[in-house]
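These notes concern the structure reproduced below.
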Amino acid sequence: AVGDAEFQKKAIGKMQDVSKGEGRTVLFVSHNMDSIRNLCKTGVLLENGMVKQVGTAQECINTYLRDNLTIMQSNIIDRKDRAGNQKVKVTGISFLNTNNESIQYLPSGDDIIVCIKYISTVDDPNAIVSIDFSDSKETPISYINSKITGDKIFIQKGEGEIYCKIKKLPYNKGEFLFSCSICDSMMNYYDDITNACVVQIVDGDFYASKLMPVNYFPCLVESNFYTI
């Protein structure tokens, strides 16, 4: 299912009607683990165009997530599961606090700096850098790129670093998946790494009360209640 949320809802509803009410088989292809879990009883896991596993949907989901975790534990520069022409290649990802100190755990509500290291064989004064976060089931939570924010990124030949400052990190505690990509101005990928690393977010001071909602809700909203 593609498109906006309402379209996806209608599409998934129709697939459920067809599969349950009309007794027909629906082939559903997706990387969204929640959708697969809710829609499917049987799963087929593919790897490099070949069938790797046939079983229940949950069994295939477990294998997929376990394999992805193994891949994410390898060095970024050695990752083979990447798209793009590799004229610009991501070689490292780290997270910093506002003192430019490397941090392993990201507190909710803190300003966080993402550092993406790269090596390039081209100069590109109009490159576009994208980052996104998903939950541990690979359900997308947020996406942003430098074109949307209006920031100009100049990629130079050789090694370099790109920084993205996230103000008041708006996520609840838990494990999140971080993905990134670098494109030219026409959105042709130089490098694209899905689930580049696992990010551990911990309790912070997002709210003045220092209280947090249950982590079933991954996103935090800055707000105030009042009466008139």
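What you see is a predicted model; the values in this text were computed from it and never measured.
Here ring-ring contact (aromatic ring centres under 6.0 Å, His included) pairs that include residues 100-123, with residues two or more places apart or in two chains, number zero.
Atoms CG and CG, from Asp184 and Asn126 in turn, are 9.5 Å apart once rounded to the nearest 0.5 Å. Between the CD1 atom in Ile77 and the CD1 atom in Ile193 there is a gap of 10.0 Å [rounded to 0.5 Å]. Rounding to the nearest 0.5 Å gives a distance of 6.5 Å between CG of Asp151 and OG of Ser146. In this structure, the separation between CD on Glu161 and OG on Ser94 is 7.5 Å, given to the nearest 0.5 Å. Between the CD1 atom of Ile61 and the CD atom of Gln53 there is a distance of 10.5 Å, given to the nearest 0.5 Å. Atom CD1 in Ile128 sits 9.0 Å away from atom OG in Ser181 (nearest 0.5 Å).
Within 6.0 Å of CD on Gln86 lie more than 12 heavy atoms contributed by other residues, nucleotides or ligands. Residue Phe154 places its CZ atom among more than 12 non-hydrogen atoms of other residues, nucleotides or ligands, all under 6.0 Å distant.
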Problem set entry | side chain to side chain contact (heavy atoms under 4.5 Å, CB included) evaluation trace for Phe176 with Cys197 | CA-CA 9 Å; Phe176 293 78; Cys197 61; over 6 Å; no
| task | Determine, stepwise, if the pair Ile131 / Ile144 fulfils side chain to side chain contact (heavy atoms under 4.5 Å, CB included). | result | CA-CA 6 Å; Ile131 66 171; Ile144 196 66; 3.7 Å; yes
Item checked: Evaluation steps, side chain to side chain contact (heavy atoms under 4.5 Å, CB included), between Glu175 and Val199 -> CA-CA 6 Å; Glu175 283 191 347; Val199 176; over 6 Å; no
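Contact record, Pro107 with Gly204: CB-CA, 4.3 Å, taken as the closest heavy-atom pair. The shortest heavy-atom contact between Asn145 and Lys147 is OD1-N, 2.9 Å. Here the closest non-hydrogen pair linking Cys60 and Gly55 is SG-N, 3.9 Å. Contact record, Gln156 with Ser120: O-CB, 3.5 Å, taken as the closest heavy-atom pair. The shortest heavy-atom contact between Val88 and Ile182 is CG1-CD1, 3.9 Å.
Under 4.0 Å is where a charged nitrogen must lie from a carboxylate oxygen, and between Lys168 and Glu222 at least one such pair does. Using a 4.0 Å cut-off between charged side-chain N and carboxylate O, Asp205 and Lys210 make a salt bridge. Taking 4.0 Å as the cut-off between side-chain N and carboxylate O, Asp192 and Arg82 do not count as a salt-bridged pair.
A heavy-atom distance below 4.5 Å is not found between the side chains of Cys183 and Asn188. When side chains are defined from C-beta on, Ser108 does not count as touching Leu169, because their heavy atoms never get closer than 4.5 Å. A heavy-atom distance below 4.5 Å is not found between the side chains of Ile112 and Leu96. The shortest side-chain heavy-atom distance between Val51 and Leu45 does not fall under the 4.5 Å cut-off. The side-chain heavy atoms of Ile155 and Ile162, taken from C-beta on, include a pair separated by under 4.5 Å. The shortest distance between side-chain heavy atoms of Ile116 and Val129 falls below 4.5 Å. Considering only heavy atoms from C-beta on, Asn172 comes within 4.5 Å of Pro213 through its side chain. Counting heavy atoms from C-beta outward, Leu177 and Val198 have side chains that approach closer than 4.5 Å.
Leu106 and Ile93 fall within the same hydrophobic cluster, defined by Ile, Leu, Val, Met, Phe, Trp and Tyr side-chain heavy atoms under 4.5 Å apart, directly or through other members. The cluster map of Ile, Leu, Val, Met, Phe, Trp and Tyr, joined by side-chain heavy atoms under 4.5 Å apart, puts Val221 and Ile166 in different clusters. Linking ILVMFWY residues whenever their side-chain heavy atoms come closer than 4.5 Å, directly or via other members, leaves Tyr189 and Ile119 in distinct clusters. Hydrophobic clustering, with ILVMFWY side chains joined whenever heavy atoms are under 4.5 angstrom apart, groups Val90 together with Val122. Hydrophobic clustering of Ile, Leu, Val, Met, Phe, Trp and Tyr side chains at less than 4.5 Å, counting indirect connections, keeps Tyr163 apart from Ile148.
Qualifying side chain to side chain contact (heavy atoms under 4.5 Å, CB included) partners for Asp132, counting only residues two or more places apart in sequence or in other chains: Ser134, Tyr143, Ser179.
Counting only distance, with no hydrogens or angles, the side chain of Asp123 and the backbone of Lys157 share a donor-acceptor pair below 3.5 Å.
Checking each of Asn85, Thr121, Asp124 against Tyr190 for a side-chain hydrogen bond (donor to acceptor under 3.5 Å, both in side chains) leaves exactly one that passes, namely Asp124.
Under a 4.5 Å side-chain heavy-atom cut-off, the cluster of Ile, Leu, Val, Met, Phe, Trp and Tyr residues that includes Met212 is completed by Phe206, Tyr207, Leu220.
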